[in-house]
Amino acid sequence: MDIAYIPSPSTGVIHLGPIPLRGYAFCIIIGVFVAVWLGNKRWIARGGKPGTVADIAVWAVPFGLVGGRLYHVITDYQLYFGEGRNWVDAFKIWEGGLGIWGAIALGAVGAWIGCRLRGIPLPAWADALAPGIALAQACGRWGNWFNQELYGRATDLPWAVEISAGPNRDAGTYHPTFLYESLWCIGVALLVIWADRRFKLGHGRAFALYVAAYCVGRGWIEYMRVDEAHHILGVRLNVWTSIVVFVLAVVYFVLSAKLRPGREEVVEPDASGGEGGKDAKDGKAAVEAKDNGKDKAEAKVKAEVEAADAGPKDSAPALARGAVKADLRKPGVDAEAPEADKS
């Protein structure tokens, strides 16, 4: 009897003339644009400047891609360095294989460099980008659908994904774990957005919430997968990674809330630039110039008083200067008044 299922693409690449358009890469690119778009809106809402998120993403994205690929190659080294394997395949990122743990870790290094260059705090930038990263993962998981990978146990459920026969896989219908994770990531993004608005999370806590919530979902979804993986004490490596990262995220969230409650007042120091900032700077310069002029006038009068003390005491000019000196010693007399009297 025929059953309902989600069909898989017959190919993961479409050729536009001599140019190959790969579904896996296309999904990742869409995810990056979604993350930057949402992150930019959230950054501006926090008082940052438009374009800052994209400027830092120029550093974070390449680092993240390298980190994601390194994690995959290291944890699944037998696919590239085992007997009969070609190590050059480790560089074929378009064929799939990006570990989110490595992508986030090394991507954070790239983001830190970008934040340092812009003089802004990394935790604030990460908070703004957190739900966007979750949505980027939701988009990127559909790249696994194009490559017919990351599926679970065999099932005849109506939403099962059809997998065709291929290397290291048998034809059949399986749990679409890529779909489960995509939907979970959308839920994580909505959770972070709600919690951030409700509790005004700051100092990296919105990002920590994203990490913790993602790890919860990744843990149970990983149990359903049947692809080859390393095991420790009978448990898949990525399940252990999820547990460790979850604990670290929760610890950071709790300690940060105690040590640095509330949210950053200023996320980008020069975000008030423009006409308003220019007018403020001009006004400050005018006040400083006025103060300098007043200081010079007082110094001039002081010099005249000292000259009066040095001259003959009974001369007419000395008596006049003595009167000026007496007036200066009276409280409330402006230092510029003697100049007006002399004229």
Side-chain angles (χ1 to χ4, degrees), residues 31-32 34-61 63-64 67 100-101 103-138 184-218 242 244-274 276-277:
V32 170
V34 170
V36 172
W37 170 78
L38 181 58
N40 184 65
K41 291 177 65 69
R42 287 171 51 81
W43 182 253
I44 294 174
R46 287 185 172 221
K49 295 171 60 177
T52 297
V53 168
D55 291 343
I56 298 175
V58 171
W59 288 90
V61 172
F63 273 74
I100 185 61
W101 315 112
I104 294 296
L106 205 56
V109 175
W112 176 79
I113 295 173
C115 287
R116 289 278 294 179
L117 294 175
R118 294 297 296 262
I120 64 176
L122 175 61
W125 185 85
D127 282 342
L129 206 67
I133 295 177
L135 292 180
Q137 289 179 252
W184 183 269
C185 287
I186 292 175
V188 170
L190 295 176
L191 170 66
V192 174
I193 291 174
W194 170 81
D196 194 27
R197 291 178 177 176
R198 175 67 177 81
F199 303 105
K200 296 189 181 301
L201 304 177
H203 302 287
R205 287 189 289 279
F207 185 81
L209 176 61
Y210 144 71
V211 173
Y214 171 75
C215 289
V216 172
R218 180 60 184 267
S242 297
V244 172
V245 175
F246 170 80
V247 171
L248 293 176
V250 171
V251 169
Y252 177 89
F253 189 98
V254 173
L255 292 180
S256 175
K258 291 182 178 180
L259 299 176
R260 307 185 71 182
R263 181 185 287 178
E264 298 90 343
E265 293 293 333
V266 178
V267 295
E268 195 165 3
D270 60 343
S272 60

Legend entry - Partners passing side-chain contact (heavy atoms from CB on, under 4.5 Å) against Trp37 (at least two apart in sequence or in another chain): Lys41
Legend entry - Within-4.5 Å side-chain heavy-atom neighbours: Asp127 and Leu201: no
Inset, instruction - List in chain and number order the residues that pass side-chain contact (heavy atoms from CB on, under 4.5 Å) with Pro121, two or more places apart in sequence or in another chain; answer none if no residue qualifies. - result: Pro123, Ala124
Inset, instruction - Return the minimal non-hydrogen interatomic distance between Leu129 and Ala35, and the atom names on each side. - result: CD1-O, 3.4 Å
Legend entry - Nearest heavy-atom neighbours spanning Ala136 and Gly31: CB-O, 3.2 Å
Inset, instruction - Could you list the residues that satisfy side-chain hydrogen bond (donor to acceptor under 3.5 Å, both in side chains) with Tyr214, not counting sequence neighbours? - result: Glu181, Arg218
Legend entry - Over all atoms of both residues, closest heavy-atom pair of Leu122 and Ala108: CD2-O, 4.2 Å
Legend entry - Set of side-chain hydrogen bond (donor to acceptor under 3.5 Å, both in side chains) partners for Trp59, sequence neighbours left out: none
Legend entry - Side chain to side chain, Ile120 and Ile56, heavy atoms closer than 4.5 Å: yes
Legend entry - Trp125 side chain vs Gly39 backbone, donor-acceptor pair below 3.5 Å: no
Legend entry - Validation row: Phe199, Leu209 side chains within 4.5 angstrom (heavy atoms): no
Inset, instruction - Please report the closest heavy-atom contact between Pro131 and Ile193, naming both atoms and the distance. - result: CB-CG1, 3.7 Å
Legend entry - Minimum heavy-atom distance between Pro269 and Gly119, given as atom pair plus value: CD-O, 3.7 Å
Inset, instruction - Could you pull out all residues at least two apart from Ile44 that satisfy side-chain contact (heavy atoms from CB on, under 4.5 Å)? - result: Asn40, Pro50
Legend entry - Pairwise side-chain contact, Cys215 with Trp101, heavy-atom cut-off 4.5 Å (strictly under): yes
Inset, instruction - State which residues pass side-chain hydrogen bond (donor to acceptor under 3.5 Å, both in side chains) with Arg118; sequence neighbours excluded, sorted by chain then number. - result: Thr52, Asp55, Glu268
Inset, instruction - Answer yes or no: is there a side-chain heavy-atom contact under 4.5 Å between Phe207 and Phe253? - result: no
Inset, instruction - Drop me the distance from Leu259's CG to His203's NE2, to the nearest 0.5 angstrom. - result: 10.5 Å
Inset, instruction - Calculate, to the nearest 0.5 Å, the distance between atoms CZ and CD1 belonging to Phe63 and Ile104 respectively. - result: 14.5 Å
Legend entry - side-chain hydrogen bond (donor to acceptor under 3.5 Å, both in side chains) involving Arg205 - partner list, sequence neighbours excluded: Ser256
Inset, instruction - Could you list the residues that satisfy side-chain contact (heavy atoms from CB on, under 4.5 Å) with Ala249, not counting sequence neighbours? - result: Val211, Ala212
Inset, instruction - Identify the two heavy atoms, one from Ile186 and one from Ala138, that lie closest to each other, and give their separation to 0.1 Å. - result: CG1-CB, 3.8 Å
Legend entry - Backbone N/O of Asp196 and side chain of Arg263: donor-acceptor pair under 3.5 Å: yes
